[in-house]
There are 2 protein chains.
Amino acid sequence: MPGTKKSRRVTIDDVARSAGVSRQTVSRAINDKGEIDPETRRRVLQVAQEMGYRPSRFARGMVRQDVTTLALIIADVLNPFFPEVVSGVLEAADERGWQVVVYATGSELDKELAVAESVPNHVDACVGFLLHTGAIDKIAASGIPFVLLDRGGRAPAVPGVDIDFASGIRQGLDHLMEQGHRRIAMIDDHAHARPGTHNARRELYLAFAAEHGLPVDETWIQPAVNSVDGGAAAMDELLAAHPDVTAVFAYNDHIAIGAMRRAMRLGLAVPGNCAFLGFDGLAIGELVDPPLTTIHIDKRRLGHLAVDQVAAVMTAPQGSGVEAMTIDPRLVVRLST
Amino acid sequence: MPGTKKSRRVTIDDVARSAGVSRQTVSRAINDKGEIDPETRRRVLQVAQEMGYRPSRFARGMVRQDVTTLALIIADVLNPFFPEVVSGVLEAADERGWQVVVYATGSELDKELAVAESVPNHVDACVGFLLHTGAIDKIAASGIPFVLLDRGGRAPAVPGVDIDFASGIRQGLDHLMEQGHRRIAMIDDHAHARPGTHNARRELYLAFAAEHGLPVDETWIQPAVNSVDGGAAAMDELLAAHPDVTAVFAYNDHIAIGAMRRAMRLGLAVPGNCAFLGFDGLAIGELVDPPLTTIHIDKRRLGHLAVDQVAAVMTAPQGSGVEAMTIDPRLVVRLST
DNA sequence: ATGAAAGCGCTAACAG
DNA sequence: CTGTTAGCGCTTTCAT
């Protein structure tokens with residue numbers, strides 16, 4: 001079938017021609033502007049519909065500078081920490097009429113770099129979690145308004161919303177000591193414990209232990225894969241090294257739950273023989289048995305603050321710096337301690 | 001300070017002028033094209049950096065038609081069903097180099113309509129969950145490639161990825177009957193049970209009960225708010241109406257967990273006095289005690305199929321229709337039944 | 001290796 | 001009420 005044009009997008013001009021009006025009139029009909037004859041509008045809309053016309057969002061964006069698209073970078077939606085943050089960001093963005101594009105990196109270097117490469121080309125601003133300074137620097141260097149979540153000392157120069165781990169750790173360890181514990185172990189996320197990465201939890205734990213003369217040292221810090229199963233495996237190793245442990249402070253709730261279940265399966269009573277303390281405050285902590293004591297982080301609020309913060313960066317006079325915000329965790333005592 | 005220009009965006013022309021080259025050369029430097037003197041490139045990049053130049057994604061999108069943005073509409077990220085779907089969509093979209101914009105509707109009519117209004121203006125294609133036909137029709141009418149997830153008979157004409165509830169319900173009820181149960185109640189989601197909305201679960205349950213002569217009727221279907229607490233409340237009402245119930249088939253895992261916990265708190269043994277069966281296959285079902293028997297839906301796969309399906313719609317010859325896909329749930333027996 | 005011209009599809013501003 | 005004229009900021013030819 002010669003003469004069949006190669007499929008090209010239907011433009012406003014095509015519709016105008018076909019409807020026998022100017023493209024301006026088509027524009028008026030499509031955008032429901034007042035100044036148009038109702039009958040003309042009807043006809044134009046009809047033609048547009050038949051031709052399958054859809055305005056190009058790029059051409060539109062070009063002339064009306066009013067759409068804001070925000071990138072949200074997280075590690076993994078399947079980690080229940082993040083949906084709560086996403087929820088907060090979605091809400092706050094929605095209030096401002098912003099669109100949110102989500103990226104998941106799995107906290108892997110390659111993926112973080114790929115996202116950092118792509119993000120500045122596709123959005124107007126960016127908030128999110130990044131572990132690797134290479135990726136962080138790349139986004140920052142792009143000049144796009146950028147807020148780093150849970151900076152953990154990785155990029156002090158980038159605007160951020162931080163989590164006050166010092167406060168959280170202290171609350172947790174104080175609580176365990178009040179319950180009479182002294183042989184308190186920590187199960188840490190091995191990914192965050194890698195050499196070269198900043199890890200507040202680990203250092204704070206050691207400092208606290210030294211300060212209070214707890215009979216523990218670095219061997220009481222057990223690295224774990226960040227998952228329920230990882231927590232279980234770490235518990236095995238921990239018990240092998242220190243069978244006399246009476247309390248476990250886990251990197252997060254998932255790990256805590258895995259460790260706790262393993263301990264119970266091994267015949268330990270919780271919290272009688274061993275207490276378990278999480279960090280995150282996931283909804284799931286209330287559902288397990290016994291319900292998990294945890295250091296709760298308001299993740300929805302974190303999401304909201306992230307959006308507020310990036311909005312501040314966007315409106316701040318060039319280079320005038322925006323002050324970092326901080327989320328304070330709080331102890332939620334349930335039955336596992 | 002008169003003479004201060006109103007802040008306008010830095011364009012490629014500004015950079016070109018300032019660097020003393022044509023805008024073409026700037027474009028070459030920015031996009032890392034080969035045909036440019038390394039020294040020139042360096043200088044141009046330097047100037048661009050200093051001026052804080054960032055290419056307009058709209059102007060770019062206009063001329064290179066290569067970015068695809070997909071809308072993903074869900075009810076609520078906090079409902080653990082959805083993160084798994086999101087994860088699948090993100091993966092599949094990433095494989096194709098697509099961007100994903102996420103919208104949450106809370107399943108509310110107003111929000112669904114607002115999203116349906118907005119989506120066609122901001123993306124190239126759309127997949128997602130919508131309950132209200134008004135919103136579904138609006139998106140479909142916009143002409144944008146659109147795949148409806150879990151159509152539930154709501155829009156047979158729209159391409160979709162469905163979940164075979166008939167199969168799931170049958171597997172679940174068969175299983176319960178094999179365990180000797182006959183007084184089997186159902187706890188339903190009240191939002192999905194509203195008059196005018198299609199609800200396969202309810203009808204399938206009634207049909208199965210009739211077919212097998214189970215001693216139950218509509219009063220054995222207890223509506224619940226879709227949450228753990230909602231499930232608990234529903235269990236109270238269910239026990240008030242039918243204290244002799246021996247098994248509960250819940251609308252989803254969350255509701256099942258809530259109902260189960262309430263029953264246990266009331267002194268019932270699970271599954272001894274009453275068995276509980278969920279529907280979803282959430283990860284959390286393995287963590288509760290006893291672990292929840294459930295009808296598992298492969299939600300990641302659903303996400304993948306959604307992307308495949310919408311890609312098919314985009315490439316399919318005009319109006320040639322794409323065949324719906326179906327996900328088959330499967331029974332996962334754990335200790336709650 | 002660099003520049004000039006042309007145009008992507010749309011809307012705002014102004015005429016008529 | 002409708003049409004005409006200008007761009008929005010960028011990349012793709014095509015010259016040079």
Side-chain angles (χ1 to χ4, degrees), chain A residues 5-45 47-48 51-69 120-124 142-144, chain B residues 5-45 47-48 51-69 120-124 142-144:
Chain A
K5 284 234 189 78
K6 196 182 161 222
S7 96
R8 217 208 29 166
R9 115 171 255 134
V10 179
T11 75
I12 196 171
D13 284 306
D14 299 329
V15 177
R17 206 169 310 122
S18 178
V21 296
S22 76
R23 63 151 163 249
Q24 197 40 235
T25 300
V26 177
S27 176
R28 285 184 183 109
I30 296 288
N31 297 301
D32 226 355
K33 299 276 184 187
E35 316 152 319
I36 184 177
D37 186 300
E39 168 56 20
T40 310
R41 187 222 307 301
R42 204 199 50 68
R43 210 180 70 246
V44 169
L45 255 24
V47 173
M51 300 181 71
Y53 169 68
R54 288 190 300 123
S56 148
R57 64 196 161 95
F58 293 118
R60 269 193 169 155
M62 187 117 222
V63 47
R64 337 187 291 217
Q65 310 269 85
D66 54 359
V67 222
T68 300
T69 301
N121 296 325
H122 295 300
V123 302
D124 305 303
S142 77
I144 192 177
Chain B
K5 284 234 189 76
K6 197 184 161 223
S7 96
R8 216 209 29 163
R9 112 171 257 136
V10 179
T11 74
I12 196 171
D13 285 306
D14 298 329
V15 178
R17 206 170 307 122
S18 179
V21 297
S22 76
R23 65 150 162 247
Q24 206 32 244
T25 301
V26 177
S27 176
R28 285 186 184 107
I30 296 287
N31 297 302
D32 227 355
K33 298 278 185 187
E35 315 154 318
I36 184 176
D37 186 299
E39 168 56 20
T40 311
R41 186 222 308 298
R42 204 198 50 68
R43 211 181 68 249
V44 169
L45 253 25
V47 173
M51 300 181 71
Y53 168 67
R54 289 192 298 124
S56 149
R57 64 195 161 95
F58 293 118
R60 271 196 167 153
M62 201 128 198
V63 47
R64 335 188 291 217
Q65 310 268 87
D66 55 358
V67 224
T68 299
T69 301
N121 296 325
H122 295 300
V123 302
D124 305 303
S142 77
I144 192 179

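Chain letters run A, B, ... following the sequence lines, proteins first and then strands; every chain starts at 1.
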Assess whether a salt bridge exists between A:Arg9 and A:Asp14, defined as any Lys/Arg side-chain N lying under 4.0 Å from an Asp/Glu carboxylate O.
no
A:Thr40 side chain near D:dT2 phosphate (N/O to OP1/OP2, under 4.0 Å):
yes
Heavy-atom side-chain contact between A:Thr25 and A:Ser22 under 4.5 Å
yes
Measure from the side-chain N and O atoms of A:Asn31 to the backbone N and O of A:Lys33, and report whether any donor-acceptor pair falls under 3.5 Å.
no
Integer-rounded Å distance: D:dG3 C1' and A:Arg17 CZ
16 Å
Taking the side chain from B:Arg43 and the backbone from B:Ala19, do they hold a donor-acceptor pair closer than 3.5 Å?
yes
Going 5' to 3' through nucleotides 9-16 of chain D and flagging B where a protein heavy-atom sits under 4.0 Å of the base, S where only the sugar-phosphate is that close, and - otherwise, we get BBBB----
In this structure, how many angstroms lie between the P atom of D:dT2 and the CZ atom of A:Arg42, rounded?
13 Å
Shortest non-hydrogen pair, B:Val44 vs B:Ala29, comes out as CG1-CB, 3.8 Å
A:Asp32 has an atom CG; how far is it from atom P of C:dT11, in whole Å?
13 Å
Rounded off to whole Å, could you give me the CZ-to-C1' distance for the A:Arg43 and D:dT2 pair?
12 Å
Mind calculating the distance between CG (B:Asn121) and P (C:dG9) to the nearest angstrom?
18 Å
Protein-nucleotide distance (A:Asp14, atom CG; C:dG7, atom C1'), rounded to Å:
15 Å
Can you find a pair of side-chain heavy atoms, one from A:Arg57 and one from A:Val67, that are under 4.5 Å apart?
no
